[in-house]
Structures are given as structure tokens and as C-alpha cells.
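This one's a predicted model, so the numbers in the text were calculated from it and none came from an experiment. For the single chain, residues carry numbers from 1 onward in sequence order.
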Amino acid sequence: MGEQQPLPEVEQCVTSIPEDHEATCWGCGLRLVFTSYAPVYKCGWCGAVTQCDQTSRKSDSVCFSRWRRFRDGFFVTVLILFMLFVICGGVWAVYPVVFSISMFCGIFHCTVAAVLSVFTIASYCLASLKSAGAPANIRWGSYPMVEKNDLENYTFCTYCSKPKPPRAHHCRSCKMCVVDMDHHCPFIGNCVGASNHRAFVMFLISVVTSCSYAAIMTIYASYHIWPPLHFPNLSSYGHSMGSMKLLMEIITTLASSAFFLSARGIILLYLAFASLSVNAGIAVLLCQQLSYIYEGNTYITRLSSSNVTQGERGLQNLVRFFGCPYPFSRVLLGYLNKSQDNSGSKLL
């Protein structure tokens, strides 16, 4: 039988320090001794971070959990119904007008609408059904089992009673810790984290593209089926009418002619208004997401540390995030690094 290997020695400093300055690391179970009291300390062996005043938290009440499930289910249902209404209503209201122009034009726009619809629904399903990114299981709690720096910068989640890696946060709606958590989105009924963040951003891009296309097509179709407009006051006043009166005359004539619209025309008006409204809101959210990715941050880390940048800024973050092909990303990153070096040399 071979000789038994001795366990690595752990340096301990025994002094006459009050017991208030002694603590036990949750990561490796070693007893830690401090020269002064600290509310937050880091283990020198495993690297785990501990807060002295942290205690296990009670789970949320049944009513609170049911309210969150009802909220997520309501928003998911509303979003799905809206997408189906835009797709089905657009096909019913727009494409008779498009096919009346030419067969080629109708087939082309039907193909574009089908591609956008499939891409939007597919990206939504990926963002909604895919796990946001649960932390990997890791050994903790016992010194011989936990090796040096195994839990570097890990904290202890008082909700899950498990180790929480850096840049991970606990979601009370999903009842789990999520790696690189950005936020909990009720419209997908899921958290946005490391595993589904790209699918969520692609869903936002597809919504902006689809809503822009729907708005253009509905406005174009509305122009073709709108009742004839008559401006009686324009012929009487001529050029003497002021700009404000001219605007009021146009609005009044459009509003009065809208009463003669058919059911298809009313659906087209609603689709145009809804597409423009949703497009404006989602475009703002998409720009916010892309700016956080550019900065190497997430929404929740930006809130917790508004003046601290968690990662390296630059377009290389966007290239890595979207997973560009290796030749393209290599050329682009090389160009970005070269431009940064040239700008730095000019400043010097």
C-alpha cells in the first residue's frame, strides 16, 4: 500500500482576539480569525465571500407567488394574442390590396410576411422556453472537498441556500439563481440570462423589423382603400388660409371620411397605430439592451453599481454576444484593436 498523502496545511494565527472576530466560512467550513470586525469577509482558502448578518430567508407567501404567476401568464397571453392578431389581421386586410396590384407583388410580400412571422415566433419560443442559465453544481461546505480558490468571489444565496457565482442574481419569480441575469421579463414569462439573452435580443430585433414592415404595408393599403377626400374650404379661402387652419381642415376631413371606412379599413388603421406604438417602445428597449452589451454590463448589474463598469467596453462585446463566424469576428476584432491603438497613439 502506498503512503497516505498528508492534507495541505492551513496557516492559522492564534492570538488573544475576542470571539466576536471569529467566523466560519460557509464555502469550506474553516474557522477564520480576524484582527478587527468586518461585516463582509473573504476566505483566504476557497475565496468565498460571506456576510456576517446574512440569514436564511423565508420563501414567498402563496398569494405573492400566485400573483407573479398570474401576472406572467396574463402578459404572455396578451403578447401571443397581439402577434396572432397582427399576422392574421394583416393577411386578411392587407394582401387583397397587394394582390390587386400584381401576382408577383402579392407573392413577394406574402413570403416576406411568412419569414418575419416564423422568425419572430421562433425567437420568442426560444427566449420563453429555454432556461435562463442556472448555476453549475459545485462542491462546497467541507474543507477537504473544497480546493484552493474553488469558490472565488462566490456568495451564498439565502433563498436557494446554495453557492451563487459572480454576476448571478436570485429571481423570486423563477425561484432560482440566474447567471448573468439581465431582468425578469413578464412578457416571456422567464428571466433573461446567460442562456437565453441572445434569443431575447433577436426577438426584439424581429419585433422591430416586423412592426416596421406591418406599419408600412398597412399605411400603403389604407391609402388605396381610403374614401375620396374633399376639401371645400380650400377652394374658397385659397392661399389666404393659415397653416393652423389648414392643418385643422385636413384633420377634420380625414376624421369625417373615416366614418365611411369598411371593416377592412378600420382593421388597417388599428394595425398601423398598434405597429407604430409597439415599434417605438421595443426600439427603445432594444437600444438599451445593445448599449448594455456594448458596455459589458447587464441591466441589473448597472442598477446595483451605476458608476462601475463590470466589463470591457467596445464593439467586441457585440461580436462575441451574437456569435459571429470566426473569420468575420477575427477580421473585425483586429480592425477594432488597430483603430483603438491608432487613436491612443494620436492622443499621446
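Between F82 and T77, the closest side-chain pair of non-hydrogen atoms is not below 4.5 Å. Counting heavy atoms from C-beta on, the side chains of L30 and T24 never come closer than 4.5 Å. Residues C25 and W45 form no side-chain contact, since every pair of their non-hydrogen atoms from C-beta on lies 4.5 Å or further apart. By the 4.5 Å heavy-atom criterion applied to side chains, H183 and Q289 are counted as neighbours. Two residues are said to be in side-chain contact when any heavy atoms from C-beta on lie closer than 4.5 Å; L271 and V86 meet this criterion. Side-chain contact between L204 and L285: present, with at least one pair of heavy atoms (C-beta onward) separated by less than 4.5 Å. With contacts defined as side-chain heavy-atom distances shorter than 4.5 Å, the pair H184/C171 qualifies. For the pair P166/E152, no side-chain contact is recorded, criterion being any heavy-atom separation below 4.5 Å from C-beta on.
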Test side chain to side chain contact (heavy atoms under 4.5 Å, CB included) applied to V201 and V192, step by step: CA-CA 10 Å; V201 174; V192 179; over 6 Å; no

For side chain to side chain contact (heavy atoms under 4.5 Å, CB included), just list the numbers for H109 and Y213, CA-CA rounded to whole Å, side-chain angles, deciding distance to a tenth of an Å, and then say yes or no. CA-CA 10 Å; H109 286 289; Y213 172 77; 3.2 Å; yes

Carefully, step by step, assess H169 and T298 under the rule side chain to side chain contact (heavy atoms under 4.5 Å, CB included). CA-CA 11 Å; H169 299 271; T298 60; 5.6 Å; no

Tell me, with the steps shown, if Y124 and F119 meet ring pair (Phe, Tyr, Trp, His ring centres under 6.0 Å). CA-CA 8 Å; Y124 176 79; F119 189 78; over 10 Å; no

I would like to know whether V98 and M217 meet side chain to side chain contact (heavy atoms under 4.5 Å, CB included); could you show each step before the answer? CA-CA 9 Å; V98 176; M217 295 305 298; 3.5 Å; yes

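The heavy-atom pair separating C185 from F200 by the smallest distance is SG-CE1, 4.0 Å. Nearest heavy atom pair, residue C46 against residue V146, reads CB-CG1, 3.7 Å. Counting all heavy atoms, side chain and backbone alike, I219 lies closest to A272 at CG1-CB, 4.1 Å. When all heavy atoms of R264 and A93 are compared, the pair lying nearest together is CD-O, 3.3 Å. Considering all non-hydrogen atoms of both residues, A215 and L276 come closest at CB-CD2, 3.7 Å. Here the closest heavy-atom approach between residue S123 and residue T120 is recorded as OG-O, 3.0 Å.
Using modelled atom types, no side-chain atom of S128 and backbone atom of C125 make a donor-acceptor pair closer than 3.5 Å. K162 places no side-chain N or O within donor-acceptor distance of the main-chain N or O of C157, the cut-off being under 3.5 Å. With hydrogens and angles ignored, the 3.5 Å screen pairs no side-chain donor or acceptor of S65 with any backbone N or O of V62. A donor-acceptor contact shorter than 3.5 Å is absent between the side chain of D72 and the backbone of I188. Proximity of a side-chain donor or acceptor of T209 to a complementary backbone N or O of S206 within less than 3.5 Å is not detected. Side chain of N196 to backbone of S131: no donor-acceptor contact under 3.5 angstrom is found.
The number of heavy-atom neighbours closer than 6.0 Å to CZ of F85, taken from other residues, nucleotides and ligands shown, is above 12. Other residues, nucleotides and ligands contribute more than 12 heavy atoms inside 6.0 Å of the CZ atom of F64. More than 12 non-hydrogen atoms from other residues, nucleotides or ligands lie less than 6.0 angstrom from CZ of R71. K148 NZ: more than 12 foreign heavy atoms inside a 6.0 Å radius.
M181 contributes atom CE, which lies 4.0 Å from atom SG of C191 (distance to the nearest 0.5 angstrom). Taking CG of L318 as the start and OG of S291 as the end, the distance is 9.5 Å to the nearest 0.5 Å. Note that CG of D182 and OG1 of T301 are 7.5 Å apart. Values are rounded to the nearest 0.5 Å. Remark: S277 OG to I282 CD1 distance equals 11.5 Å, nearest 0.5 Å. A distance of 7.0 Å separates CZ of F321 from CZ of R198, quoted to the nearest 0.5 Å.
Linking Ile, Leu, Val, Met, Phe, Trp and Tyr whenever their side-chain heavy atoms come within less than 4.5 Å leaves L84 and F273 in two separate clusters. Residues L290 and F203 fall within the same hydrophobic cluster, defined by Ile, Leu, Val, Met, Phe, Trp and Tyr side chains chained together at heavy-atom separations under 4.5 Å. L126 and F187 are assigned to two separate hydrophobic clusters, defined by single-linkage of ILVMFWY side chains at heavy-atom distances under 4.5 Å. Taking hydrophobic clusters as Ile, Leu, Val, Met, Phe, Trp and Tyr residues chained together by side-chain heavy-atom distances below 4.5 Å, V94 does not share a cluster with I87. Cluster membership check: V179 does not share its hydrophobic cluster with I138, using side-chain heavy-atom separations under 4.5 Å among Ile, Leu, Val, Met, Phe, Trp and Tyr.
Side chains of N279 and S212: a donor on one and an acceptor on the other come within 3.5 Å. Side-chain atoms of S173 and R68 include a donor-acceptor pair closer than 3.5 Å. No donor-acceptor contact under 3.5 angstrom links the side chains of E295 and N317, judged on distance only. Counted by atom type alone, N153 and K42 present one or more donor-acceptor pairs between their side chains at under 3.5 Å.
Using the six-membered ring where Trp is involved, F70 and W67 have ring planes that are tilted, between 30° and 60° apart.
Taking the six-membered ring where the residue is Trp, the centroids of H197 and Y292 are separated by 6.0 Å or more. Taking the six-membered ring wherever Trp is involved, the centroid distance between the rings of W140 and F156 falls below 6.0 Å.
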